[in-house]
Amino acid sequence: MNTLKRLIILTILLSLLAFSFPSTCLFAAPNPPKKNVILMIMDGTNSDIVTLSRWYRGTDLHLDKILVGGARTYSAQSAITDSAAAGSAMATGMKTKADYIGMNPDGRPVLTILEGAKLAGYKTGIVATSPVQHATPAAFTSHVLNRDEFGDIGEQQVYQGLDVLLGGGAAWLKPKSKDHVKNDDGMLKTKQVSREDGENLVEVIGSEGYDLVLKRDGLLKRKGSSKLWGAFAEEDIAYEMDRKSLKPDEPSLAEMTRAAIQRLSQSEKGFFLMVEGSKVDWAAHKNDPVGMISEVLSFDDAVGEALKFAREDRNTMVVAVTDHGNSGLTLGNQGTNGDYKNQPVEKFVEPLRKAELTVKGAVSQLKEDRSNLKEVLSNYGLGNLSKKEFCTMEDASKKAEDLEDEMVKLMAKRANLGFTTHGHTGEDVFLYAYGPGKPVGLIENTDIPRVISKYLGFSLSSGEFASWYVNGAELYRERGFEVKIEGRTSKNPVMVVERGDEELRFPENKDFYWKNGEKVRLKSVNVYDGKTFYVHVEG
């Protein structure tokens, strides 16, 4: 066969192939699969309460099926961390100091994994049973030097442009609100909770296109793809054991997790979601084993929702971990020294199963004249009291905190449980994970955001993200501007930058600045630590 014939045959074959396959199918690269990460944090949980919760439920936990290792929790300054430093470590990849939120040990803001995911094009969300301004959710969404700065935290969250925020904390979104609390005598009183700057962030939420829901029914019925903000309590959402009877308008953690996944999963690229079961920690501070079990099981139900989605999706990483231990709860106490070898499971769980409410829920029902004290005690599972035990409770009932303290002491005694502290503890904690790219083994808590960012395709420790927030005054002075801070001691300070007839005004906690009166949107919020403005401006 001569050369001319070979060329003719080759040309014909190529022509047939071209007609057989459309050019877009033949040459176009396939779209990469969406990637999702659900990071779930069970605040203040030690290993014994996980064991006790499993015995209490009577079946394995969802968590048990995805146990992959452990995490070390110490902070930059202490073997025992607080939630702010621990949350910031898991959000930024840096160990830091107590009370610092989204700040490195030098007090400078650093980009969080949630902010990085948002900048990389992913949808983002947070869910918590505490106020969303509390330490752990705050660590992923804001930057302050003191975790108690709920006003600034709440404002930064509103202007971060997240897609989903579900939890408590409505009080810090409004100029003024009221909350009913008990005073030192156990009597109900009204306290004023308000934003110190007087801003109405509820109006801002509405103007930014969020669906705002305030009750459980609204969350369960509201479907759609728009941004979602759920503010279901002025402060924290009720303990799960109390919620069903005392606060039925508040959703469960599992319901909030399911709703968040439904909204976020409509993203074209994928999403990052942080879910906190906040109140294991709160119950542990009270040494209330009933409340701790309530919230461990509530968290486990939420893990079940995440795993159900991840198993169907096949491109979702789920990581579950606690930020630190709390209370030093043990199965066994000084009373079991001599016969610990003869303690069946029922000895521990049966006294706890008699409780219908947590200690907080039970005491909240105490009448002003204390005439229903026996009923309150019974609701916490403390029936059949001796005369001495009841007299102790009666004396303590004059003050709610004292009554709670005596009730949990008696419950721990009956359930053969020990507590070493009302504070945090420093042990390593369990690490649970599922899905592609998941972490395994004994790791540092700072490794968690590194694993997540690697899976999502960006880095917090290199490139632009590593030095995202810069000193605004230094930046603009180098460019020939004059810089001053207006209202340095007010609740709404502004960095003012001037050069000739050009004026830039950067308000604290907002994601914009004013250029000669015209609003310019930024990709992140302006951060002010009381002395220095930190900003990110391109160009």
Side-chain angles (χ1 to χ4, degrees), residues 37-45 71 73-78 80-118 124-160 162 164-169 172 236 272-282 319-324 326 424 429 444-450 452-453 460 465 468-469 509 524-525 527 529 534:
V37 174
I38 305 173
L39 173 59
M40 311 187 74
I41 300 172
M42 185 163 47
D43 201 297
T45 308
T73 63
Y74 61 94
S75 74
Q77 70 184 122
S78 175
I80 302 176
T81 188
D82 77 325
S83 290
S88 295
M90 291 186 285
T92 69
M94 290 187 184
K95 298 278 188 181
T96 193
K97 296 179 181 178
D99 297 327
Y100 280 19
I101 295 289
M103 299 283 201
N104 70 12
D106 296 327
R108 295 176 63 93
V110 287
L111 206 68
T112 72
I113 187 69
L114 184 145
E115 290 175 299
K118 177 176 172 288
T124 56
I126 57 172
V127 173
T129 49
S130 68
V132 293
Q133 303 86 0
H134 218 259
T136 304
F140 287 82
T141 56
S142 59
H143 308 272
V144 294
L145 289 175
N146 191 315
R147 59 182 288 177
D148 293 332
E149 295 175 31
F150 277 26
D152 286 341
I153 292 167
E155 189 172 14
Q156 289 186 37
Q157 289 175 334
V158 168
Y159 285 96
Q160 281 281 21
L162 280 71
V164 174
L165 294 93
L166 303 176
W172 288 277
D236 54 297
F272 171 81
L273 172 65
M274 193 287 294
V275 177
E276 186 196 30
S278 317
K279 294 182 61 175
V280 184
D281 180 76
W282 296 32
V319 180
V321 70
T322 187
D323 54 352
H324 55 76
N326 191 339
H424 294 180
V429 297
E444 296 283 352
N445 56 6
T446 50
D447 290 329
I448 292 172
R450 294 169 191 158
I452 292 172
S453 60
L460 294 177
F465 285 1
W468 186 264
Y469 288 101
N509 302 325
S524 56
V525 295
V527 177
D529 66 2
Y534 295 94

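FYI, the numbering just counts along the sequence from 1.
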S.K.: Nearest heavy-atom pair of Ala76 and Pro105: which atoms, and what distance?
M.R.: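 Nearest pair, atom of Ala76 first, then Pro105: CB-CG, 4.4 Å.
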S.K.: Any heavy-atom pair between the side chains of Tyr534 and Asp529 that's under 4.5 Å?
M.R.: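 Yes, side chains in contact.
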S.K.: Thr112 versus Thr141: any side-chain heavy-atom pair under 4.5 Å?
M.R.: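 A side-chain contact is absent here, since even the closest heavy-atom pair is not under 4.5 Å.
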S.K.: Within the structure provided, determine whether Tyr469 and Val110 are in side-chain contact (heavy-atom separation under 4.5 Å).
M.R.: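 No, side chains not in contact.
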S.K.: Side chains of Thr81 and His424: do they bring a donor and an acceptor to under 3.5 Å?
M.R.: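 There is no such pair (donor and acceptor under 3.5 Å, judged by atom type) between the side chains of Thr81 and His424.
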S.K.: Just so I know, are the side chains of Leu39 and Phe140 near enough to count as touching, which here means a heavy-atom distance under 4.5 Å?
M.R.: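 Yes, their side chains come closer than 4.5 Å.
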S.K.: Within the 4.5 Å heavy-atom criterion, are Gln156 and Val144 side-chain neighbours or not?
M.R.: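 The answer is yes, as the side chains (C-beta and beyond) meet within the 4.5 Å cut-off.
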S.K.: Quickly, which of Ile448, Asp447, Ile452 forms a side chain to side chain contact (heavy atoms under 4.5 Å, CB included) with Arg450? Name it, please.
M.R.: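 The option that passes is Asp447.
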S.K.: Say you draw a straight line from CG of Leu165 to CE of Met274; how long is it, rounded to the nearest 0.5 Å?
M.R.: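 The CG atom of Leu165 sits 9.5 Å away from the CE atom of Met274.
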S.K.: Do you know which two heavy atoms are closest between Thr92 and Leu460, and how far apart they sit?
M.R.: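 Answer, listing the atom of Thr92 first, then Leu460: O-CD1, 4.0 Å.
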S.K.: Ignoring hydrogens, what is the shortest heavy-atom contact between Pro137 and Pro131? Give both atom names and the distance.
M.R.: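 Looking at all heavy atoms of both residues, the shortest contact is CG-O, 3.9 Å.
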S.K.: To the nearest 0.5 Å, what is the distance between CD on Gln133 and OG on Ser142?
M.R.: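 Those atoms lie 9.0 Å apart.
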S.K.: Can a cation-pi geometry be assigned to Lys95 and Tyr74, taking NZ or CZ under 6.0 Å from the six-membered ring centre and within 45° of the ring axis?
M.R.: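 The answer is yes, since Lys95 meets both limits relative to Tyr74.
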S.K.: Are the side chains of Asp99 and Asp82 in contact, using a 4.5 Å heavy-atom criterion?
M.R.: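 Heavy-atom side-chain distance check passes, below 4.5 Å.
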S.K.: Evaluate the side-chain proximity of Asp323 to Asn445: yes if any heavy-atom separation is below 4.5 Å, no if none is.
M.R.: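 A side-chain contact is absent here, since even the closest heavy-atom pair is not under 4.5 Å.
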S.K.: Which atom names give the shortest non-hydrogen contact between Ala135 and Ile101, and what distance separates them?
M.R.: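 Smallest interatomic distance, heavy atoms only, reads O-CD1, 3.5 Å.
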S.K.: Side-chain contact test, heavy atoms from C-beta onward, threshold under 4.5 Å: evaluate it for Thr322 versus Val280 and give yes or no.
M.R.: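 Side chain of Thr322 against side chain of Val280, heavy atoms only: no contact under 4.5 Å found.
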S.K.: Considering all heavy atoms of both residues, which atom of Thr124 and which atom of Ala117 are nearest to each other, and what is their separation?
M.R.: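 Scanning both residues, the minimum pair turns out to be CG2-CB, 4.1 Å.
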S.K.: If you measure only the distance, is there a donor-acceptor pair under 3.5 Å linking the side chains of Gln77 and Tyr100?
M.R.: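 Not at all, the side chains of Gln77 and Tyr100 share no donor-acceptor pair under 3.5 Å.
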S.K.: Taking all non-hydrogen atoms of both residues into account, name the closest pair between Trp172 and Gly151 and its distance.
M.R.: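 Here Trp172 and Gly151 meet closest at CD1-N, 4.3 Å.
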S.K.: Starting from the C-alpha separation in whole Å, work towards a yes-or-no answer on side-chain contact (heavy atoms from CB on, under 4.5 Å) for Met103 and Val527.
M.R.: CA-CA 11 Å; Met103 299 283 201; Val527 177; 4.1 Å; yes
S.K.: Are the side chain of Asp106 and the backbone of Arg108 linked by a donor-acceptor contact shorter than 3.5 Å?
M.R.: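 No, because the side chain of Asp106 does not come within donor-acceptor range (under 3.5 Å) of the backbone of Arg108.
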S.K.: State, without any angle test, whether Asp281 and Ser83 hold a side-chain donor-acceptor pair at a distance under 3.5 Å.
M.R.: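 Judged by distance alone, the side chains do not pair up.
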S.K.: Quick one: do Thr45 and His324 satisfy side-chain contact (heavy atoms from CB on, under 4.5 Å)? Show the steps, please.
M.R.: CA-CA 6 Å; Thr45 308; His324 55 76; over 6 Å; no
S.K.: Could you walk me through whether His134 and Asp236 pass side-chain contact (heavy atoms from CB on, under 4.5 Å), step by step?
M.R.: CA-CA 9 Å; His134 218 259; Asp236 54 297; over 6 Å; no
S.K.: List the steps and the verdict of side-chain hydrogen bond (donor to acceptor under 3.5 Å, both in side chains) for Glu276 and Ser278.
M.R.: CA-CA 5 Å; Glu276 186 196 30; Ser278 317; 2.7 Å; yes
S.K.: Test Leu273 against Val127 for side-chain contact (heavy atoms from CB on, under 4.5 Å), laying out the working first.
M.R.: CA-CA 8 Å; Leu273 172 65; Val127 173; 4.0 Å; yes
